[in-house]
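Structure first, commentary second.
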Number of protein chains: 2
Amino acid sequence: MFSKRCEYAIKIMTFIAHQQKKSDKKVDVDAISKAIDSPKAFTAKILQDLVKSDLLVSSRGRFGGFSLPDQFNISLSQIIEAIDGKKLLEGCVLGFGTCSEKNPCIVHHHLKSARQHLKIKLQETNLEIIAKRVNEKNAYFKE
Amino acid sequence: MFSKRCEYAIKIMTFIAHQQKKSDKKVDVDAISKAIDSPKAFTAKILQDLVKSDLLVSSRGRFGGFSLPDQFNISLSQIIEAIDGKKLLEGCVLGFGTCSEKNPCIVHHHLKSARQHLKIKLQETNLEIIAKRVNEKNAYFKE
DNA sequence: CTGAAATAAGACAAATTTGTCCTAATATAA
DNA sequence: TTATATTAGGACAAATTTGTCTTATTTCAG
């Protein structure tokens, strides 16, 4: 459903949100990749993309790291779009560039409601909610 | 959402169902790949997989080709599972092998209903329904 | 029986995604 | 100012997915 990069991105963002609930300190790549069990250099690349998409703020140098932008609650759909683009939520499931409501592909209408439902859930679910759940339920970032 | 192979597989199956509504003749790789605008040799590979999964019957030799198994209505979820496996519909969205109802990942519950909805739609939508739509609406297999 | 037309299958090639490594740039403490 | 710890970025490498090519096997018409 999601690319590996996107899976990591969701874990990254959730972990940072979780950490920032506990303290205002920035979080660095090393801490993130250890916490979510992801390859460090690859994680750094994904972090760069998240910064470019303004879903994270980075600061370089000593005691640098990554943090959430101020007053900015981020949804899963924003993360997915930043990493995998609009394809999952907007693109044709059969890959047709020309598929639309008026010119639907053979399965368009059959999956429309399910995709809409998914889209709404991904928009509704934001880091605030997830981080709260993490605190309450002690959910995990790695296996 | 789906792999390229899976996109092709859905088009392949739908096209064969559509053709068989018109005549009982088998359909060959060449006709299929032209109709759905897919690379012929790659299409042949996917057809082999569909045969192995018993979603198609093949016959070799002259006047050979592919046809749907008798009295067997096939759903999108069967096609997807045959090609991409159970990952999309059953696997954890974050890729955790240990994610389950009792031991959910950080987003498990938030996406549960949407994934369930999608699963049901993919189970409900079968070749009979799609082929009917193709006849009525003159939907397309390629751009 | 033979030739032609079809699927089956394995090896290969190209493209994309995933992941690594090295160096540059930057910021801070001492 | 300098050493150190951090992100940024580019080039590279490995793995996976996508796609191709060639040969074997099968079937049927003639």
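Computed from a predicted model, the values in this text were never measured in an experiment. Throughout, protein chains are lettered first and strands after them, A, B, ... in sequence-line order, and every chain is numbered starting at 1. Side chains included, hydrogens not; waters and symmetry mates left out as well; all remaining heavy atoms used.
Closest-nucleotide positions on DNA chain D for A/F63 and B/S3 were compared, and the one nearer the 5' end corresponds to A/F63. For the pair A/T43 and B/F66, both in contact range of DNA chain C, the more 5′-proximal nearest nucleotide belongs to B/F66.
Going from atom CD1 of A/I12 over to atom P of C/dG19 covers 12 Å, rounded to whole Å. Computed from coordinates, the B/D49 CG to D/dT18 C1' distance equals 13 Å when rounded to whole Å. As rounded to whole Å, 15 Å separates atom P of D/dT20 from atom CD of B/Q48. Between A/D84 atom CG and C/dT17 atom P there is a gap of 9 Å when expressed in whole angstrom units. Look at CD on A/E7: it is 13 Å from C1' on C/dT17, rounded to the nearest Å. In this entry the distance linking CZ of B/R5 with C1' of D/dT17 reads 9 Å, nearest Å. Atom NZ of A/K25 is separated from atom P of C/dT28 by 16 Å (rounded to the nearest Å). As a whole-Å value, the separation of B/L56 CG from C/dT7 P is 11 Å.
Annotation for B/R133 and A/I106: closest pair CD-O, 3.9 Å, computed over non-hydrogen atoms. For B/S75 against B/Q123, the heavy-atom pair with the smallest separation is CB-O, 3.3 Å.
The B/K52 side chain lies nearest to C/dA9 when the options are C/dT18, D/dG9, C/dA9. Closest approach to the A/D28 side chain among C/dA9, D/dT7, C/dG19 is made by D/dT7 (side chain taken as heavy atoms from C-beta onward). The side chain of B/R62 sits closest to C/dA4 out of D/dT7, C/dA4, C/dG19. Side-chain atoms of A/A41 lie closest to C/dC21 of the nucleotides C/dG19, D/dT26, C/dC21.
Base engagement by B/F42 is indicated by at least one non-hydrogen atom pair under 4.0 Å involving a base atom.
The base of C/dG10 lies close enough to the side chain of B/K45 for a donor and an acceptor atom to sit less than 3.5 Å apart.
In this structure, B/Y8 reaches the D/dG19 phosphate: one of its side-chain N or O atoms is under 4.0 Å from OP1 or OP2. Side-chain nitrogen and oxygen atoms of A/S59 include none within less than 4.0 Å of the OP1 or OP2 phosphate oxygen of C/dT26.
Under the 6.0 Å distance and 45° angle rule, A/K25 does not count as a cation-pi partner of A/F63.
Using a cut-off of 4.0 Å between Lys/Arg side-chain N and Asp/Glu carboxylate O, A/D84 and A/R5 are scored as not salt-bridged.
A centroid separation of less than 6.0 Å is found between the aromatic rings of A/H18 and A/F141.
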